[in-house]
**Q** 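Before we start, here is the structure in question, set down as structure tokens.
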Amino acid sequence: MNETKHPPAGAPERPETLIDTSKMSAGRRAAMELTEAARVSAHEATFVSGLFMGEFDLRKVFPFPVQTAGDREHADVFLNRLETWLREKVDADEIDRTGEIPQPVIDGLAKIGAFGIKIPAEYGGLGLSQTDYCRAAMLLGSWCGNTTALLSAHQSIGVSQPLILFGTDAQKKKYLPRVARGEISAFALTEALVGSDPSAMTTSAVPLPGGDGFILNGEKLWCTNGTKAGVIVVMAKTPPRIVNGKPKDQITAFIVETNWPGVEVIRRCHFMGLRALYNGVIRFENVRVPRENILFAEGKGLRVALTTLDTGRLTLPAACVGLSKRCLEISRDWANRRQQWGAPIGKHAAVADKIASMAANTMAMEAMTLLAASRVDRDKDADVRLEAALCKLWATENAWQIVNDTMQIRGGRGYETAASLKARGEDPVPVERFLRDSRINTIFEGSSEIMRLFVAREMLDPHLKVAAPVLNSQLPGLRRLRAALNALGFYCRWYPRQYFPAEWFTGWNLKSPVPAGHLRYAARTSRKLARTIFYALLRHGPKLEHEQLLLGRFVDIGAELFAVTAACSRAKQFIRENKNPEECAHFLALVDYFCRAARGRIQQKYHGIHHNDDHSGYDCARKIMAGQLDHLTAGIVRSPSDNA
Ligand SMILES: Cc1cc2nc3c(=O)[nH]c(=O)nc-3n(C[C@H](O)[C@H](O)[C@H](O)COP(=O)(O)OP(=O)(O)OC[C@H]3O[C@@H](n4cnc5c(N)ncnc54)[C@H](O)[C@@H]3O)c2cc1C
């Protein structure tokens with residue numbers, strides 16, 4: 001089987017030379033250069049990166065990963081304890097009502113090891129795998145969003161994850177045992193002016209004379225766990241580096257202890273959902289941070305943040321799987337019990353449709369997440385950025401739809417609070433809480449819009465490596481000419497391959513007709529997608545980055561193809577493991593239904609690539625933003641804060 005290695009031979013090494021920033025506004029250039037400099041260049045062709053280049057490599061996702069019996073049993077001891085603790089001691093509705101997670105609940109979680117699931121045993125953690133961590137997140141997500149957020153912020157983005165990835169031995173020895181025991185940790189990147197774009201960061205760390213430390217000043221916003229944390233990873237600007245005679249912004253990650261002089265929790269923030277989130281505004285005023293508390297290296301903070309989030313992003317999809325399974329159970333139960341118009345509501349096609357797509361999407365979400373998690377377990381240095389980002393994007397958007405559909409199926413009872421249902425003598429089914437708690441999932445840890453941009457950047461990377469130097473006016477002429485010849489050679493080999501039958505390269509032999517048909521479709525469509533992206537590059541050139549909606553369609557098609565392939569891989573595994581022909585037939589029917597629905601969605605996206613109103617919509621938005629259609633908002637009561 002042939003396989004293109006990314007980057008292709010002869011491609012430039014430094015990613016910051018790839019994008020011509022000379023014609024951008026100063027703010028946009030600063031944001032672009034900072035993110036590009038922190039970007040980790042792809043070090044392997046993964047299933048998803050190949051998908052966008054027309055290389056549909058099934059070996060990367062088949063067979064579906066199965067945990068060894070030993071690994072599973074080892075984790076089951078903890079997972080059983082966690083499940084029992086959640087069911088018996090964690091009153092999720094009471095936590096939501098009071099906005100507090102009782103200290104004995106937190107202590108109990110610490111006692112069973114829930115604060116150090118992935119921390120190696122030598123540092124006092126459970127040393128479990130990414131797959132087991134995801135299984136824990138599924139349990140948590142099915143029960144209590146607040147407890148999920150506490151444990152996830154602590155170990156997916158808080159001190160332990162970056163420390164495991166980047167910490168020195170001394171840092172690991174000092175901090176990992178503390179956080180494994182239950183000293184709460186947090187991650188502080190966001191500021192009032194820093195949301196998705198870290199280049200506007202104002203928190204600064206100025207080196208002390210003598211160089212043994214820094215003085216940290218600034219204010220961080222929405223730091224989850226921040227009001228209870230003992231240690232926080234803080235991102236701050238350090239003095240700029242001079243590159244080609246020009247100062248380049250640098251961001252550095254520091255481990256900061258909250259009992260150091262100058263660290264202050266200014267206020268606790270409150271939200272629509274996740275009402276017991278210990279989230280706050282944290283101020284740092286002349287805080288002395290020793291140099292040995294730098295994570296990784298000076299100026300590498302954004303790399304720390306982005307890499308931490310790469311794997312950290314798998315927790316949220318896993319929690320979404322748990323939440324979706326719970327919604328499916330609630331919907332199935334209610335659709336059977338509730339009689340209207342002479343039949344259980346689940347027998348009315350409009351409700352049945354929701355239940356079917358809920359089940360199918362939950363199955364696919366789980367398959368995608370477990371595939372990505374197993375990749376981390378097989379190889380600690382695996383490049384799962386794209387897989388994790390697509391899982392995050394697809395799972396959070398679909399889980400939101402699933403919770404919304406569950407509310408619709410539960411009707412008025414879906415909208416009623418659990419406490420009110422209970423007071424009336426009905427089952428306190430917490431769909432209203434689920435809806436409030438899960439809305440944030442498409443916003444934090446990389447909003448859906450930013451995930452699409454991130455995946456699009458990586459999707460274009462193999463092309464940019466080959467073609468961008470040709471168009472980059474900042475490069476010398478000879479360099480551009482060499483790049484043009486290199487690009488010609490690359491595309492002469494790559495392009496014809498996009499028309500060859502997929503089987504020539506994959507050599508698969510799948511007996512069951514259901515996955516095989518859908519896999520053939522996915523392989524064909526991957527090639528079509530690669531060709532379409534290539535034509536878009538030819539048509540738009542460097543301006544393609546402005547076509548966010550077009551890029552978003554490519555990304556969404558890629559996400560659906562990943563979901564289809566993961567579901568088919570899971571189906572093969574299910575059949576191999578399960579000897580009951582009836583159960584196998586049911587599962588295959590579900591996978592078939594999922595794949596057909598996904599193919600319909602892909603078709604719609606393709607239609608939108610060629611038939612859309614993107615530009616007229618953009619023009620309308622510009623007019624609205626400029627106040628030219630102000631009469632549209634006439635006749636309403638305005639709050640003084642509306643135009644603040
Ligand atoms: C409950 C909660 C918990 C949080 N926990 C933490 C935490 O522990 N640590 C931490 O550091 N931060 C945390 N955050 C911050 C969170 O990660 C940010 O809210 C998120 O990064 C988005 O930033 P923003 O809200 O400022 O949105 P903005 O960046 O201002 O974006 C607003 C909207 O514009 C879109 N947008 C922005 N840029 C673009 C673009 N270039 N193209 C297209 N669309 C764009 C966004 O997708 C979004 O829809 C938390 C936030 C909340 C609400």
**Q** What pairs meet the salt bridge (Lys or Arg N to Asp or Glu O under 4.0 Å) rule with one or both residues in residues 65-79, with sequence neighbours excluded?
**A** D76-R135

**Q** Output all residues satisfying ring pair (Phe, Tyr, Trp, His ring centres under 6.0 Å) with F78, sequence neighbours left out; order by chain, then residue number.
**A** none

**Q** Can K228 and E100 be counted as an ion pair, charged N to O under 4.0 angstrom?
**A** no

**Q** Excluding sequence neighbours, so at least two apart, what forms ring pair (Phe, Tyr, Trp, His ring centres under 6.0 Å) with F214?
**A** F254

**Q** Compare all side-chain heavy atoms of L176 with those of V179 and state whether any distance is below 4.5 angstrom.
**A** yes

**Q** Has E292 got more than 12 heavy atoms of other residues, nucleotides or ligands less than 6.0 Å from its CD?
**A** yes

**Q** Any salt bridge linking E458 with R385? Criterion: basic side-chain nitrogen under 4.0 Å from a carboxylate oxygen.
**A** yes

**Q** Do L82 and L86 make a side-chain contact, defined as non-hydrogen atoms from C-beta onward lying under 4.5 Å apart?
**A** yes

**Q** So, are R291 and E298 salt-bridged, with charged N and O less than 4.0 Å apart?
**A** yes

**Q** NZ of K300: more than 12 outside heavy atoms within 6.0 angstrom?
**A** no

**Q** For W143, is the NZ or CZ atom of R87 found under 6.0 angstrom from the centre of its six-membered ring and inside 45 degrees of the ring axis?
**A** no

**Q** Between E397 and R452, does any side-chain N to carboxylate O distance fall below 4.0 Å?
**A** yes

**Q** Check D93, N146, D96 against R433 for a side chain to side chain donor-acceptor pair (under 3.5 Å) and give me the one that passes.
**A** D93

**Q** So does R283 pair up with E219, basic N to acidic O under 4.0 Å?
**A** yes

**Q** Quick one: do E432 and R97 satisfy salt bridge (charged side-chain N to carboxylate O under 4.0 Å, His left out)? Show the steps, please.
**A** CA-CA 12 Å; E432 174 264 350; R97 194 185 64 76; over 6 Å; no

**Q** Counting only heavy atoms not in R267 (residues, nucleotides, ligands), do more than 12 fall under 6.0 Å from its CZ?
**A** no

**Q** Does the side chain of V555 reach to within under 4.5 Å of the side chain of F454, using non-hydrogen atoms?
**A** no

**Q** I'd like to know if D461 pairs up with R457 as an ion pair, taking the criterion as any Lys NZ or Arg NE/NH1/NH2 lying under 4.0 Å from an Asp or Glu carboxylate oxygen.
**A** yes

**Q** Hey, are the side chains of R275 and H270 touching, using non-hydrogen atoms and a 4.5 Å cut-off?
**A** no

**Q** Is H74 close to L128 at the side-chain level, that is, under 4.5 Å between some pair of heavy atoms?
**A** yes

**Q** Would you say the side chain of C595 lies within less than 4.5 Å of the side chain of C568, judging by non-hydrogen atoms?
**A** yes

**Q** Which residue, L421, D405, D333, forms the side chain to side chain contact (heavy atoms under 4.5 Å, CB included) with R410?
**A** L421

**Q** Are the side chains of I255 and V231 in touch, meaning some heavy atoms are under 4.5 Å apart?
**A** yes

